[in-house]
Amino acid sequence: MDTYTLSNGVKMPVLGYGMWRNKNPKEAVQGVIDAISVGFRHIDGAAAYQNEELVGQGIKESGIAREELFLTSKLKNDAHGYDNVRREVQKTLDQLGTDYLDLYLIHWPVVHGHGDDWQTDNLETWQAFEELYDEGVLKAIGVSNFSVEHLENLVNHARIKPMVNQLLVHPGVLQTETRDYCTKHGILVQAYSPLKPLSVLKEEARVQKMLEKYDKSIAQLLLRFDLQVGVVPLTKSVHRERIEENFDIFDFEIDDEDMQYLKEWSHPEFTEPDNKNERPPQVS
Ligand SMILES: NC(=O)c1ccc[n+]([C@@H]2O[C@H](COP(=O)([O-])OP(=O)(O)OC[C@H]3O[C@@H](n4cnc5c(N)ncnc54)[C@H](OP(=O)(O)O)[C@@H]3O)[C@@H](O)[C@H]2O)c1
């Protein structure tokens, strides 16, 4: 699969398999095995998803070599702070059955108890990320759900700039201001929940015409849209046929007019998530 090269030279496959809301042990393990056998080499997990042991089991059962995979995890919201990061990373490594992560992210910028001091909280947390990066345990480090003000805090005051920002990106939620800032600072954007507007968009006559024209499904159109925007879509399914479908997006191109339509499309149901206020601890 094609890759992006991060600002530190690490290569990331352009499409990833996500693990959110995938806690049924049988489905989670089989999903990872299926994703790897279909061709996914990039798995996006998080401590908050409470399934890292299942990801590790799936990887082991798949028989793939560790170095063939790009593995991401995220620091959970109730474990911010310099003193917690090393322990949390070790827990994740043990559960995944590996001794390094390709990418580790701060999951949310403003967490419970840090509404007023999120700047210091993020900088102290990030310092531990930098140390584990220096030690080679984390091959790349980044953030998730960070807007410009949250990014500026790290870019202006930390020793190492984030290499990645993982954001909600799909037609209706383009996060243009944040993406532009990321581009300017060499931060690659990953797109989570790329299929969120699937059921609403597929009712649109114009979109139905696109599906006929490209002979692709609505899921494939949405994933391809993110690829052409220049972000890395992360997509989750526990059904093998959908995993295959979601991987089959490299043999067509959405033309400029259709891209423009999808970029301009909006719907009141779809807005940027609230990342300014404290994220409740139980929400991933
Ligand atoms: N950083 C963050 O805060 C954050 C937040 C959300 C997500 N994420 C990451 O991003 C990943 C992707 O987001 P997401 O889980 O919301 O994924 P998604 O791929 O946008 O949506 C997944 C949903 O769509 C269904 N689906 C998958 N393929 C389909 C297809 N071809 N046709 C119709 N329906 C399909 C899935 O159902 P079935 O499984 O039943 O097929 C599931 O309900 C997550 O898994 C997680 O790793 C990160």
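Counting begins at 1 with the first residue of the sequence. Remember, it's 1-based here, ligands and their atoms both numbered in the order they're listed.
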Legend entry - Atoms of ligand 1, numbered as shown, that sit under 4.0 Å from any heavy atom of Gln166: 1 (N), 2 (C), 4 (C), 8 (N), 9 (C), 48 (C)

Inset, instruction - Report yes or no: do Ile141 and Tyr82 belong to one cluster of Ile/Leu/Val/Met/Phe/Trp/Tyr joined by side chain heavy-atom distances under 4.5 Å? - result: no

Inset, instruction - Flag Leu195 as yes when one of its N or O atoms lies below 3.5 Å from any N or O atom of ligand 1, and as no otherwise. - result: yes

Inset, instruction - Say whether Asp117 and His114, considering side chains only, have a donor N or O and an acceptor N or O under 3.5 Å apart. - result: yes

Legend entry - Exercise: do Asp94 and Gln90 side chains pair donor with acceptor under 3.5 Å: yes

Legend entry - Residue pair Tyr192 / Asn145, side-chain donor-acceptor N/O under 3.5 Å: yes

Legend entry - ligand 1 contacted by Tyr17 (non-hydrogen, < 4.0 Å): no

Inset, instruction - Could you tell me whether Pro194 approaches ligand 1 through its side chain, its backbone, both or neither, with non-hydrogen atoms closer than 4.0 Å? - result: both

Inset, instruction - Please determine, by modelled atom types, if Thr235 and Arg242 share a side-chain donor-acceptor pair under 3.5 angstrom. - result: no

Legend entry - Where ligand 1 meets His239 - atom numbers and elements under 4.0 angstrom, heavy-atom basis: 38 (P), 40 (O), 41 (O)

Inset, instruction - Counting heavy atoms only, name the option from Lys236, Met19, Lys196 that's nearest to atom 36 (C) of ligand 1. - result: Lys236

Legend entry - Identified side chain to side chain contact (heavy atoms under 4.5 Å, CB included) counterpart of Phe70 within the set Thr3, Leu101, Val10, Asp44: Val10

Inset, instruction - Would you check if the distance from the ring center of Tyr49 to the ring center of His107 is below 6.0 Å? - result: yes

Legend entry - Check: Glu152/Tyr181 side-chain N/O donor and acceptor closer than 3.5 Å: no

Inset, instruction - Go through ligand 1 atom by atom and flag the ones less than 4.0 Å from a non-hydrogen atom of Tyr49. - result: 4 (C), 8 (N), 9 (C), 46 (C), 47 (O), 48 (C)

Legend entry - Atoms in ligand 1 with a heavy atom of Gly18 nearer than 4.0 Å: 11 (C), 44 (C), 45 (O), 47 (O)

Legend entry - Region of Ser237 engaging ligand 1 - heavy atom pairs below 4.0 Å: both

Inset, instruction - Output yes when the distance from some N or O of ligand 1 to some N or O of Lys74 is under 3.5 Å, and no in every other case. - result: no

Legend entry - Any side-chain donor near an acceptor of the partner, Arg224 and Gln228, under 3.5 Å: yes

Inset, instruction - Would you mind telling me if ligand 1 is within reach of the side chain of Gln220, the backbone, both or neither, using heavy atoms under 4.0 Å? - result: neither

Legend entry - Side chain, backbone, both or neither: Leu168 near ligand 1, heavy atoms under 4.0 Å: neither

Inset, instruction - Indicate, as side chain, backbone, both or neither, the part of Asn145 found under 4.0 angstrom from ligand 1 when only non-hydrogen atoms are considered. - result: side chain

Inset, instruction - Using a strict 4.0 Å cut-off to heavy atoms of Glu245, name the atoms of ligand 1 that fall inside it. - result: 31 (N)

Legend entry - Contact atoms of ligand 1, heavy-atom distance to His107 under 4.0 Å: 1 (N), 2 (C), 3 (O)

Legend entry - Sidechain-backbone polar pair: Ser237 side chain, His239 backbone, donor-acceptor under 3.5 Å: yes

Legend entry - Val238 N/O under 3.5 Å from ligand 1 N/O: yes

